[in-house]
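Counting convention: from 1, in listed order, for ligands and their atoms alike. All residue numbers refer to positions in the sequence shown, counting from 1.
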Amino acid sequence: RQGTVVITGASSGLGLATAKALAETGKWHVIMACRDFLKTERAAKSVGMAKEDYSIMHLDLASLDSVRQFVDNFQRSGRPLDVLVCNAAVYFPTAKEPTYTADGFELSVGTNHLGHFLLSRLLLVDLNKSDYPSKRLVIVGSITGNTNTLAGNVPPKANLGDMRGLAAGLNGLNTSSMIDGGEFDGAKAYKDSKVCNMLTMQEFHRRYHEDTGITFTSLYPGCIATTGLFREHISLFRTLFPPFQKYITKGYVSEEEAGKRLAQVVSDPSLTKSGVYWSWNKNSASFENQLSEEASDPEKARKVWELSEKLVGLA
Ligand code: NDP
């Protein structure tokens with residue numbers, strides 16, 4: 001049978017390119033889980049996705065109510081869940097002040113990590129029920145959370161510290177809006193959120209892989225310097241970043257190519273290994289990459305998991 005894949009943030013960039021790549025094979029029905037219905041409909045049309053290959057369901061990751069509503073709607077739809085891709089993200093590199101989700105969490109960690117954490121925890125039961133030959137949960141990571149790489153060492157570096165800010169709710173009222181309890185820094189908040197994404201994937205693997213057979217993975221798709229992720233950046237940066245990545249770091253990858261990479265992690269029969277962080281070399285062959293010390297620390301993973309459970313109302 002056709003597989004069903006849910007992709008968050010499929011209205012642009014990597015998510016859209018992946019949706020297109022999977023829909024094109026005819027083997028997948030793509031559920032585009034997005035906050036803006038019209039934008040998503042236009043995006044799907046603009047890349048030529050056929051009507052029968054996708055559905056759009058509303059999801060705003062910056063609201064826990066919306067996440068729960070999405071799960072409810074999905075479960076009522078009667079579709080199986082074979083693969084879930086947590087892809088959506090926001091990035092505020094130039095913000096001077098933090099902004100917050102509906103539940104009062106700093107917006108980048110709230111959206112990129114906490115919204116996805118609740119979503120994937122609630123949908124685990126559906127993944128588990130699927131009779132698809134290879135069911136998977138993919139959480140998109142980033143090199144920026146890897147302090148063992150050159151790009152991961154560009155300041156400000158990711159660092160979760162003792163997670164006092166996360167423990168206190170990241171709400172900027174009686175606590176800091178940053179996980180480590182420090183001063184707000186939008187670029188760092190994004191990197192921290194990506195470390196949480198990669199730690200969450202590994203904790204899922206440790207807790208659930210053996211019993212469920214679900215493959216839990218993360219990936220760094222390459223530097224897709226042209227996506228909307230950089231929309232909040234100053235215009236000079238937006239002009240110079242793509243050529244810089246193309247010609248200097250050579251880490252540049254087109255949206256189309258990155259979409260094919262993520263589509264591989266979703267569906268390639270040879271990529272069933274769980275607990276892995278995939279990357280690609282210059283010839284676009286996938287390999288199992290090393291994570292930084294912090295992004296692979298099992299103690300931190302457990303702590304992120306437990307604190308996040310409390311914040312999203314699961315504990
Ligand atoms: P885009 O900005 O193009 O896409 C981000 C997507 O997330 C959009 O569809 C956006 O929706 C959605 N989104 C944002 N906030 C919410 C929300 N509250 N609820 C639901 N959806 C939301 O960026 P990319 O395609 O570049 O990013 C995709 C993933 O790739 C991210 O996880 C990012 O960290 C990762 N990544 C990107 C790299 C790059 O170089 N670009 C490198 C490494 C990793 P909307 O259209 O409504 O704004």
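- The contact set between ligand 1 and Cys223, taken as ligand atoms under 4.0 Å from a residue heavy atom, comprises 40 (O).
- Among protein heavy atoms, the minimum distance from atom 27 (O) of ligand 1 is reached at Leu229 CD1, 4.2 Å.
- Checking only distances, Ala33 never comes within under 3.5 Å of ligand 1, N or O to N or O.
- Met198 places none of its side-chain heavy atoms less than 4.5 Å from the side chain of Ile139.
- Atom CG in Asp297 sits 9.5 Å away from atom CD in Gln202 (nearest 0.5 Å).
- Taking a cut-off of under 4.0 Å to the non-hydrogen atoms of Tyr220, the atoms of ligand 1 that pass are 42 (C), 43 (C).
- In this structure, the ring of Tyr220 has its center no less than 6.0 angstrom from the ring center of Tyr277.
- Which of Arg35, Met32, Lys39 comes nearest to atom 16 (C) of ligand 1 through a heavy atom is settled by distance: it is Arg35.
- Within a 6.0 Å sphere centred on CZ of Arg238, heavy atoms belonging to other residues, nucleotides or ligands number more than 12.
- Atoms of ligand 1 lying under 4.0 Å from at least one heavy atom of Ala62, given by number and element, are 18 (N).
- In this comparison of Thr18, Leu16, Asn87, the heavy atom closest to atom 29 (C) of ligand 1 sits on Asn87.
- No N or O atom of Asp36 sits closer than 3.5 Å to an N or O atom of ligand 1.
- In this model, no donor atom of one side chain and acceptor atom of the other lie less than 3.5 Å apart for Ser193 and His113.
- With a heavy-atom cut-off of 4.0 Å, Tyr91 does not touch ligand 1 at all.
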Distance-only donor-acceptor pairs under 3.5 Å for side chains of residues 87-96, two or more places apart:
residue	atom	partner	partner atom	Å
Asn87	ND2	Thr8	O	3.0
Asn87	ND2	Gly9	O	3.1
Thr94	OG1	Glu232	O	3.0

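- The ligand atoms of ligand 1 that sit less than 4.0 angstrom from a heavy atom of Val90 are 14 (C), 15 (N).
- Remark: ligand 1 atoms within the under-4.0 Å shell around heavy atoms of Gly141 are 44 (C).
- A donor-acceptor contact under 3.5 angstrom links the side chains of Glu257 and Ser284, judged on distance only.
- Taking a cut-off of under 4.0 Å to the non-hydrogen atoms of Gly13, the atoms of ligand 1 that pass are 3 (O), 25 (O).
- Every atom of ligand 1 with a heavy atom of Lys194 under 4.0 Å away is listed here by number and element: 31 (C), 32 (O), 33 (C), 34 (O).
- Under the side chain to side chain donor-acceptor pair (under 3.5 Å) criterion, the residue pairs touching residues 122-134 are Arg1-Asp131, Gln75-Asp126, Asp82-Ser130, Ser134-Arg136, with sequence neighbours excluded.
- Near Leu59, with a cut-off below 4.0 Å to any heavy atom, the atoms of ligand 1 are 19 (N), 20 (C).
- By the 4.0 Å heavy-atom criterion, Cys34 is excluded from the residues contacting ligand 1.
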